[in-house]
Structure formats: C-alpha cells, structure tokens
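Presented below is the structure to which this report refers.
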Amino acid sequence: MAGFQSLPGFRDFYPEEFSRRQHIFATWRTAARASGFQEYDAPVLEPLELFTTKSGDEIEGQLFSFTDKGGREVALRPEMTPTVCRMVGARAGALKRPIKWFSLAEFYRYERAQKGRLRAFNQFNADIFGEAGPEAEIELMALLIQCLAGFGLTAEDFIIRLSDRDLWFFYLEALGFTDPQAQGLLTAIDRFEKMGDDAFKGYVEVHGILAEETKAKVLAFLKIKSLAGLEAALAEFNSEKLGVRLADWRKVLTGLADMGLADFISVDLSVVRGLAYYTGFVFEAFDRRGDLRALAGGGRYNNLVKKLGYADLPAVGFAIGDVTTGLLLEQRGLAPQFINAPEIYVIIGGEAERRVALADIQALRAAGFRVEYPFKELAFGKQFKVAAECGAKLALIYGGDEIAKGVVKIRAMVDRTEHEVPRDQLRAAVRDYLSGQ
RNA sequence: GCGGCCAUAGCUCAGUUGGUUAGAGCACAAGAUUGUGAUUCUUGGGGUCGCGGGUUCGAAUCCCGUUGGCCGCCCCA
C-alpha cells in the first residue's frame, strides 16, 4: 500500500465512523447531564510519575511514555482516574460537595490490540468525590445503566454485576487469611471465571497450600448471587462492621430497585477487579450474550486521592469505553444510520429557479436547519433519488411552476405526500413538519 | 512480550500444476433522462496483488524476512 497507514491499534474516523462515535458520545453526555454531572477535561500528556504512583512501576510497560525535550519523564494518559484525582485534590477545599464530574476523552495504552481493545480508545468517566455513603454508588450505577439504556439497550442486553472487596477481605480474614494472602486470593478469584481451578496456581506458588476445605468455602462465597445468600453466608460472624456493610448493600440494592433498575443489577461476588486500589463496592457491566469483553467497570477508591498527596477524600467512579460499546450496538442493530443527514434536500429546476432557491436555502440554514442541495443542474428524477438516499426528511421543490405561483412544494420523503406553501411561510411550515417527527 | 491464522480495487472476494495488457459484484462518477425516489442499461475512474529480498526464462501464485490485521496467552487501570 502506497503512502502511510495509521499506527497499530489506532483508528481513522471517516465520517461514517465519526458519526457513530458522536452518537455514542452524545448519549453518554446527555445521560451525565441529566444526572447533574459536570464535564471537565485535562491534558493528554502527564508526568509519568502520576501513573506509576497510582499503579506501580510495572505499569510503564503498558504506557506510551518517553522523555520530553526538557528531560521530563512523561506518558500519554492510559486512564483518567489519577488526573481527576489530582484536579479534585488540588481544589478539594473549594469544591461544593458532592463533587459529580464526568469526561469524554481519548486514552492510550501500549498493549497488543485485540477485539474490543485498541491502543487508542475513548472512554466516558464519571466520578463522585466527597460522599462516603452508598448513595454515591446508587447514583453512579444508575448513570451507568442510562449510559447503555440510552441507546435502546435493555436488561435483556446487559447486566451490571455488583461485588464488594471489603466484604471479601472481611470474609477471608474471618477464615484466617493474612492481608497479603487475601490480596493473592482475590487475584485468583478474579481469574476463576475464566481459568477455573488453574486460577489458584499463582496463589499456591506464592503462599503455599490452600486447604481443600477452605477453598471450598471461598468458592461457595464466590458463587453467591443474592443479598439473602450473602446474609446467610455471613450470619455466623455477627460483627458490627459487618452489620454496617450489609446495611450498605441493602441501601444500594433497594435504591436501585426504587429507581426501577433492579433488573439491571445482579449480586455477583466473582467480580473483584484485580486492582488493589479499589476499597469497597466494585461493579462491571457485561453483554448478556457474553461474547464481548467487559463494557464498563468501576468501584470505590477511597484511598487514592490521599495516596496521590491530597486530602483524604472518598471517591467512586466508573469508566465505559467506546470500542466495546460500539461492537455491542453494531451487534444489536442499534448503530444509527443518518446522524449527519440533512433534514431538507432542495430540488432545483434550473438556473432561474436556483437563484430563488439559494435565498431560501441560506435563510433556512441561518435558522438552524440542516439543508443540502445539488451543486450542478440535475434531472428531477436524479435529484429525488439523491434526496431519498441522503436521508432527508423533506424535499423542497423549486420548479418553474412553483416560482411563478410564489410557492414552494414540500414533499415528505417518508410517505411521498406533497403540498404547496407560500414562500413567505416556508420556515414555519418546515419547522412544524420537522418538530412533528 | 509469546503462539496460531491471514494480507489481490474504497468494501466482499475470484484468479487453474507459476505463463501475455490481474477480474467480478457492491460502492463511486458520467450519460441514457428539461418535473417526481431504494429500478434498468451504457460508459468511466480506481490495483507497481501490504512491503523488501530470493528461486525461475517468467511470480499475485513457490521460499525467506518484514509490516499490518484477526484470534488466543500475559495483562486489562
């Protein structure tokens, strides 16, 4: 192939793909604003240390990082969380609580591209800072649901699985595990669904034998799928801390149920998200058919703002990506066809008619309508064909007869009906028709 | 970072045991068509067969390398 090609894992957005992306962004932005979240943005390039502080030095292998001309170690952002923590942390004292922010941004990860995972991708991030209670989880999970339901997806299409790292640590501690052991076990639990028993190999190598009896208890806990099941499994422990935790669970589930969203949520302790910085509830959204990777993920990270050098600020957040979401919409036939289509296509008889049409075209455009017309003289038949193919809802016909009568013929493309309106009433007639759609 | 499969026009693909100027459908453009739509017909543009090297009288075809894509592993913030 002559010339150049884009870098591996990076995409060109031709207008067709761009319009699909815009549809996804618009749906997310609408959802976020409806829930009272405020939009922000930040630099694409950040100090490398911002990411290594949060995720450890090993993360550099997965980053687009380099030394800039001033000798600074920098990296393209692989995620938004450290950045938003920095921004919120820097002004933590001045921001009204709760702090509800969202962003739409592009991220970069130096990894092998796969289905649903590229090196450059877009994510919607939503976070709530300054609210330690489960009300923040309710708010975020409701937003996540709307970020998918907004496309027309239903509880038949996706499910959010809710889990809790605090509860896992409590349970593992009660079974006699030390904190490092519990961390190792959570990694195994995270992989169990995919790898089966092999998931525990790594744990055994580091921490030694895992008694069959204990493992059976862990696996039983992992398989709990309801709040009642959780309560039953934990009934024997009867501690105050646990009671508070279970009360939070009840709040989250009843809150979402009160919103009419119960069908979108499942209790699923097999989700733990490998990341050590999550501190409480964690959740992931999945395609129900299950042939895609996770659609979205999030959870509570109460220690991270402080770890990055700022105030002790509780936080919950999630991110949803454009790649997997786009694949899902494609699969379900929910990717839109005519995002950028003109609303109106103007059909012009000849040069004299063009002079009249141009005046109206410009006036309609100035009024905010999307209006298209042919540059060159074309046979009427061809113009009607173009009007149909471009997705316009209306055709305005400027022929010799109409001009002579001082009218414009308006054709509704969908049902092929036509009627004439005086030229000076055109804008109102067009608005009435289009707003009735 | 590791393994498997693949690479011919914008897209989907055909191309015989290696044999002249590499094809089709779709898409795009012009016309048939000076007043009514997803129809039809004609014509046209577009490919140094991903790239580089090798074998051969001769390579889209065989071999090696390389780049890219898909799938899996690691990882998945």
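Side chains included, hydrogens not; waters and symmetry mates left out as well; all remaining heavy atoms used. So that the names make sense, note that chain A is the first sequence line, chain B the second, and so on, each numbered from 1.
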Just the rounded figure in Å: distance from P of rA29(B) to CD of Glu389(A). 9 Å
Touch check for Gly349(A), heavy atoms < 4.0 angstrom, all strands: base, sugar-phosphate only, or nothing? nothing
Taking a pair to mean Watson-Crick or G-U wobble geometry with both distances below 3.5 Å, rU55(B) pairs with none
Using whole Å, what does the distance between atom C1' of nucleotide rA77(B) and atom CZ of Arg300(A) come to? 18 Å
Comparing Gly297(A) and Phe10(A) on RNA chain B - which has the more 5′ nearest nucleotide: Phe10(A)
What integer number of Å spans the C1' atoms of rA60(B) and rG15(B)? 8 Å
Return the value, rounded to whole Å, for the distance between atom CG of Leu63(A) and atom C1' of rG1(B). 15 Å
When rounded to the nearest Å, what value does the distance between P atoms of rC64(B) and rA7(B) take? 15 Å
Which of rC76(B), rG37(B), rG69(B) is nearest the side chain of Arg117(A)? It is rC76(B)
Under 4.0 Å, heavy atoms only, any strand: does Glu402(A) hit a base, just the sugar-phosphate, or nothing? base
Of the candidate nucleotides rG37(B), rG3(B), rG31(B), which contains the atom at the shortest distance from the side chain of Arg112(A)? rG3(B)
C1' atoms of rG19(B) and rU42(B), separation to the nearest Å: 34 Å
Under a 3.5 Å limit on both distances, the Watson-Crick or wobble mate of rU61(B) is none
Distance check needed: rA38(B) C1' versus Gln383(A) CD, whole Å only. 17 Å
Under 4.0 angstrom, heavy atoms only, what part of the nucleic acid is Gly400(A) near: base, sugar-phosphate, or nothing? base
Measuring only the C1' atom in each nucleotide, how far is rG72(B) from rG25(B)? A whole number of Å is fine. 34 Å
Checking side-chain polar atoms at under 3.5 Å, does Tyr171(A) have a donor or acceptor matched by the opposite partner on Asp166(A)? no
Below 30° counts as parallel, above 60° as perpendicular, anything between as tilted: where do the rings of Trp28(A) and Phe151(A) land? perpendicular
No-hydrogen, no-angle side-chain donor-acceptor test under 3.5 Å, Thr52(A) and Glu60(A): no
Rounded distance (Å) that lies between atom P of rG31(B) and atom NZ of Lys385(A): 13 Å
Looking at rC75(B), rU36(B), rG37(B), which one has an atom nearest to any side-chain atom of Glu418(A)? rU36(B)
Can you tell me whether the side chain of Gln62(A) and the base of rG1(B) have a donor-acceptor pair closer than 3.5 Å? no
Same-atom distance (P) from rG52(B) to rU16(B), integer angstrom: 23 Å
Look at the rings of Phe318(A) and Phe124(A) and say which category their plane angle falls in: under 30° parallel, 30 to 60° tilted, over 60° perpendicular. tilted
rC75(B) P sits how many Å from Phe107(A) CZ, rounded? 23 Å
Any side-chain donor-acceptor pair under 3.5 Å between Glu205(A) and Tyr203(A)? no
Between rG68(B), rA77(B), rG35(B), which one does the side chain of Asp401(A) approach most closely? rG35(B)
Nearest to the side chain of Ile397(A), heavy atoms from C-beta on, is which of rG35(B), rG37(B), rC75(B)? rG35(B)
Checking N1-N3 plus N6-O4 or O6-N4 for Watson-Crick, or N1-O2 and O6-N3 for wobble, each under 3.5 Å, the partner of rG18(B) is none
Rounded distance in Å between the P positions of rG58(B) and rC26(B): 39 Å
Between Ser6(A) and Tyr108(A), whichever has its closest RNA chain B nucleotide further toward 5' is Ser6(A)
Watson-Crick or G-U wobble partner for rU42(B), using a 3.5 Å limit on both distances? rA30(B)
Could you tell me whether Gly9(A) contacts a base, only the sugar-phosphate backbone, or nothing, with contacts defined as non-hydrogen atoms closer than 4.0 Å? sugar-phosphate
Assign Pro8(A) to base, sugar-phosphate, or nothing according to its heavy-atom contacts below 4.0 angstrom with the strands shown. sugar-phosphate
Starting at CZ of Phe384(A) and ending at P of rG35(B), how long is that distance when rounded to a whole Å? 11 Å
Spacing of the P atoms in rU61(B) and rU20(B) (rounded, Å): 14 Å
Using 4.0 Å as the upper bound for N to carboxylate O, is an ion pair formed by Glu79(A) and Lys54(A)? yes
Roughly how far apart, to the nearest Å, are rU48(B) and rC6(B) at atom C1'? 22 Å
With a cut-off of less than 4.0 Å, is there a side-chain N or O of Arg191(A) near OP1 or OP2 of rC74(B)? no
Which one, rG35(B), rG37(B), rA77(B), comes nearest to the side chain of Ile59(A)? rA77(B)
Could you tell me whether the side chain of Arg416(A) has a donor or acceptor atom within less than 3.5 Å of a complementary atom in the base of rU36(B)? no
Kindly point out which of rC76(B), rG37(B), rA77(B) is positioned nearest to the side chain of Met413(A)? rG37(B)
Taking a pair to mean Watson-Crick or G-U wobble geometry with both distances below 3.5 Å, rG23(B) pairs with rC13(B)
Which part of the nucleic acid does Gln114(A) contact within heavy-atom distance under 4.0 Å: base, sugar-phosphate only, or nothing? base
Pairing partner (Watson-Crick or G-U wobble, both distances under 3.5 angstrom) of rA7(B): rU67(B)
Find the partner of rC2(B): check Watson-Crick (N1-N3 plus N6-O4 or O6-N4) and G-U wobble (N1-O2, O6-N3) distances, both under 3.5 Å, and reply none if neither fits. rG72(B)
Got a donor-acceptor contact below 3.5 angstrom from the Thr324(A) side chain to the Arg293(A) backbone? no
Just checking Met80(A): base, sugar-phosphate only, or nothing, at a heavy-atom cut-off of under 4.0 Å? nothing
By nearest atom, which of the nucleotides rC70(B), rA77(B), rG35(B) is closest to the Ala113(A) side chain? rC70(B)
What's Lys409(A) touching, base or sugar-phosphate or nothing? Going by heavy atoms closer than 4.0 Å. base
Note: Leu253(A) and Leu162(A) closest approach over all heavy atoms is CD2-CD2, 4.2 Å
Under the 3.5 Å rule, do the base of rC76(B) and the side chain of Arg109(A) count as making a donor-acceptor pair? no
Once you round it to whole Å, what is the distance between C1' of rA77(B) and CD1 of Ile320(A)? 16 Å
Mark yes when over 12 heavy atoms from residues, nucleotides or ligands other than Lys201(A) sit less than 6.0 Å from its NZ; otherwise mark no. no
